[in-house]
S.K.: 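Got a structure for you, written out below as structure tokens; questions coming shortly.
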Amino acid sequence: MATHVITGAGSGIGAAVARRLHARGDDLVLHARDAARAKELAAEFPGARTLVGDLADPDKLSWALSHQTLPDRVDSLLHIAGVVDLGPVGELTPKSWHRQLNVNLIAPAELTRLFLPQLRVTQGHVVFVNSGSGLNAHAEWAAYAASKHGLKALADALRQEEHANGIRVTSVYPGRTASPMQAKVHQQEGKEYVPARWIDPESVATTVLMALDLPRDAEVNDLTVRPGR
């Protein structure tokens with residue numbers, strides 16, 4: 001039974017991935033931003049363990065995790081949590097830049113650092129659920145796209161550094177996906193949100209599990225998933 005550490009399991013793609021892994025009997029370690037959220041996740045996924053730490057404050061993640069029981073075994077680390085705040089460069093504040101860079105880039109780098117010892121032992125897998133914005137930047141998406149471009153750089157460097165240790169690294173670049181984040185984006189854009197127009201989170205979850213379950217003779221490095229409608 002594999003053990004997966006997952007961020008963002010509370011909604012959207014992260015919840016879809018967690019449900020699929022939980023249903024097949026894998027061991028889940030779910031990250032939560034606070035104790036209340038951890039309690040909710042534990043109730044939603046019976047048998048799952050939780051870890052509490054604020055991704056928006058990555059400087060304190062090491063301290064927070066040092067006061068909790070970490071899993072001895074980690075077969076995969078799935079970075080799925082993310083935040084987005086749109087706005088033109090001329091109006092984005094340092095607070096907005098810091099929040100998106102912290103949650104979307106620096107926290108994943110720190111969690112990866114903290115779990116690398118376990119991942120090396122199992123020759124595990126690190127999956128970064130990135131975004132189409134990690135490949136192309138558009139007007140009013142500067143901060144979010146910068147964080148996701150940085151996440152691509154993190155994944156590419158990690159892949160080269162840890163290849164000799166048997167660690168596989170995959171970046172998944174979904175297009176717009178029906179999720180609470182997408183609802184927020186549409187609100188910021190002033191557009192009507194119609195979930196049926198966008199990718200179902202379950203479809204992205206299918207691609208993540210495909211990468212995880214691929215035989216050891218192969219590795220998915222980068223996978224782009226676009227809306228089919």
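Please read all numbers here as calculations on a predicted model, not as lab measurements.
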S.K.: Would a distance-only check, ignoring hydrogens and angles, find a side-chain to backbone donor-acceptor pair under 3.5 Å from T177 to G175?
M.R.: yes

S.K.: Going by side-chain contact (heavy atoms from CB on, under 4.5 Å), name the residues that satisfy it together with D54, two or more places apart in sequence or in a different chain.
M.R.: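 Applying side-chain contact (heavy atoms from CB on, under 4.5 Å) to D54 gives A56, D57.
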
S.K.: Can a donor-acceptor pair be found, under 3.5 Å and without considering hydrogens, that links the side chain of R49 to the backbone of V29?
M.R.: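 Between the backbone of V29 and the side chain of R49 there is no qualifying donor-acceptor contact (under 3.5 Å).
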
S.K.: Looking only at atom types and distance, does a side-chain atom of D75 sit under 3.5 Å from a main-chain N or O of T3, one as donor and one as acceptor?
M.R.: yes

S.K.: Would you check if the side chain of R37 reaches a backbone N or O of G10 as a donor-acceptor pair within less than 3.5 Å?
M.R.: yes

S.K.: Which pairs would a plain distance check flag for residues 107-116, meaning a side-chain donor or acceptor within less than 3.5 Å of a matching protein atom at least two apart in sequence or in another chain?
M.R.:
residue: E110; atom: OE1; partner: R113; partner atom: NE; Å: 2.8
residue: E110; atom: OE1; partner: R113; partner atom: NH2; Å: 3.4
residue: E110; atom: OE2; partner: R113; partner atom: NH2; Å: 2.8
residue: T112; atom: OG1; partner: H79; partner atom: NE2; Å: 2.9
residue: T112; atom: OG1; partner: P108; partner atom: O; Å: 2.7

S.K.: So which atom in S133 and which in W141 form the shortest heavy-atom distance, rounded to 0.1 Å?
M.R.: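 Where S133 meets W141 most closely, the heavy atoms are OG-CE3, 3.7 Å.
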
S.K.: Look only at the side chain of Q68 and the backbone of A64, and say whether a donor-acceptor pair between them is shorter than 3.5 Å.
M.R.: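 A pair under 3.5 Å: yes.
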
S.K.: For N102 and H98, indicate whether the former's side chain and the latter's backbone hold a donor-acceptor pair under 3.5 Å.
M.R.: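 Yes: the side chain of N102 pairs with the backbone of H98.
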
S.K.: Rounded to the nearest 0.5 Å, how far apart are CD1 of I199 and OG1 of T207?
M.R.: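 These two atoms lie 8.5 Å from each other.
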
S.K.: Does a donor on one side chain sit under 3.5 Å from an acceptor on the other, for S96 and Q100?
M.R.: yes

S.K.: Checking N130 side chain against P174 main chain: does a donor-acceptor pair fall under 3.5 Å?
M.R.: no

S.K.: Report yes or no: does N165 contribute a side-chain atom to a donor-acceptor pair with the main-chain N or O of I167 at less than 3.5 Å?
M.R.: no

S.K.: State, yes or no, whether a side-chain contact exists between L78 and V5 at a heavy-atom distance under 4.5 Å.
M.R.: no

S.K.: If the condition is ring pair (Phe, Tyr, Trp, His ring centres under 6.0 Å), which residues does Y173 pass it with, not counting sequence neighbours?
M.R.: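 For Y173, no residue satisfies ring pair (Phe, Tyr, Trp, His ring centres under 6.0 Å) once neighbours in sequence are set aside.
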
S.K.: Below 30° counts as parallel, above 60° as perpendicular, anything between as tilted: where do the rings of H67 and W63 land?
M.R.: tilted

S.K.: I'd like to know if the side chain of R216 reaches the main chain of G166, judged simply by a donor and an acceptor atom lying under 3.5 Å from each other, with no hydrogens or angles considered.
M.R.: yes

S.K.: For A145, is there any backbone N or O sitting under 3.5 Å from a side-chain donor or acceptor partner on H149?
M.R.: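 Indeed, once roles are kept as given, a pair shorter than 3.5 Å links the two residues.
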
S.K.: Do R168 and S76 get their side chains close enough for a donor-acceptor pair, meaning under 3.5 Å?
M.R.: no

S.K.: Is there a donor-acceptor contact under 3.5 Å linking the side chains of H125 and T170?
M.R.: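 There is such a pair between these side chains.
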
